[in-house]
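Everything numeric here is computed off the predicted structure, so don't read it as measured data.
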Amino acid sequence: MESEKATFDREAGYALLEELQDEATRSAGVQAVDKLAPGFTDWIVTALFGGTYQRPALTLRDRQIANLAALTALGGVEPQLIGHIKTSERIGMSREEIVEVIVHMAPYVGVPKALAGLRCAAAAFEAAQ
């Protein structure tokens with residue numbers, strides 16, 4: 001298998017970020033980080049959303065399942081997990097599917113981390129109402 005050339009498309013990254021995240025989520029993350037570390041969010045958007053997310057082998061849904069699982073496993077990243085829960089809904093995942101991804105993590109990462117993930121889901125769902 002031949003490896004693909006890495007791409008870093010700044011414009012595609014910002015366009016995808018706008019599609020995936022609501023204005024409040026985008027603004028909160030970008031403004032807070034840019035004040036502390038100017039340019040860092042530009043690098044994240046360009047490398048992640050304009051690079052990794054542009055690779056064709058996974059759908060956005062697949063990527064969101066991976067994000068939910070990874071952030072639940074990490075723990076301590078509640079703002080990011082809540083943001084990805086909102087994004088998962090925006091791309092068409094049902095609340096039941098989102099909850100099931102987090103519940104599925106319990107035997108692998110521990111019940112406390114799964115419970116913390118479920119609290120994040122509850123907060124994201126409540127905020128959306």
*asked:* With clusters defined by side-chain heavy atoms of hydrophobic residues (ILVMFWY) lying less than 4.5 Å apart, directly or transitively, does Leu16 cluster with Phe8?
replied: no

_Result of checking Leu58, Leu60, Val101, Thr59 against Ile65 for side chain to side chain contact (heavy atoms under 4.5 Å, CB included)_ = Val101

*Between Asn67 and Gln80, is any pair of side-chain heavy atoms under 4.5 Å apart?*
no

*Applying side chain to side chain contact (heavy atoms under 4.5 Å, CB included), name anything that partners Arg95, two or more places apart in sequence or on another chain.*
Glu89, Phe125, Ala128, Gln129

*Flag the pair Ile85 / Ile102 as yes when at least one side-chain heavy-atom distance between them is below 4.5 Å, and no otherwise.*
yes

*Measure across Lys113 and Ala73 and return the closest heavy-atom pair with its distance rounded to 0.1 Å.*
NZ-O, 2.8 Å

*Residues that Glu100 engages under side chain to side chain contact (heavy atoms under 4.5 Å, CB included), provided they are two or more places apart*: Val103

*Looking only at heavy atoms, which two atoms of Ile98 and Ser88 are closest? And how far apart?*
CD1-CB, 3.7 Å

*Looking only at non-hydrogen atoms, find the nearest pair between Met93 and Gln64 and report the distance.*
SD-CB, 4.1 Å

*Taking all non-hydrogen atoms of both residues, which atom of Leu81 and which atom of Gly117 are closest, and how far apart?*
CD2-CA, 3.7 Å

*Selection residues 53-93 - residue pairs positive for ring pair (Phe, Tyr, Trp, His ring centres under 6.0 Å), sequence neighbours left out*: Phe49-Tyr53

With a cut-off of 3.5 Å and sequence neighbours excluded, list every side-chain donor-acceptor pair involving residues 39-48.
from  : atom 1 : to    : atom 2 : distance (Å)
Thr41 : OG1    : Asp34 : OD1    : 2.8
Thr41 : OG1    : Asp34 : OD2    : 3.3
Asp42 : OD1    : Arg10 : NE     : 2.8
Asp42 : OD1    : Arg10 : NH2    : 3.0
Asp42 : OD1    : Tyr14 : OH     : 2.8
Asp42 : OD2    : Arg10 : NE     : 3.4
Thr46 : OG1    : Asp42 : O      : 2.8

*Which residues pass the side chain to side chain donor-acceptor pair (under 3.5 Å) test with Arg61, sequence neighbours left out?*
Glu97

*asked:* Suppose clustering is done on Ile, Leu, Val, Met, Phe, Trp and Tyr with side-chain heavy atoms closer than 4.5 Å. Which residues sit in the same group as Met105?
replied: Tyr108, Val109

*Given side chains that start at C-beta, do those of Leu71 and Leu74 come closer than 4.5 Å, heavy atoms only?*
yes

*What distance separates Leu115 CG from Cys120 SG, expressed to the nearest 0.5 Å?*
11.0 Å

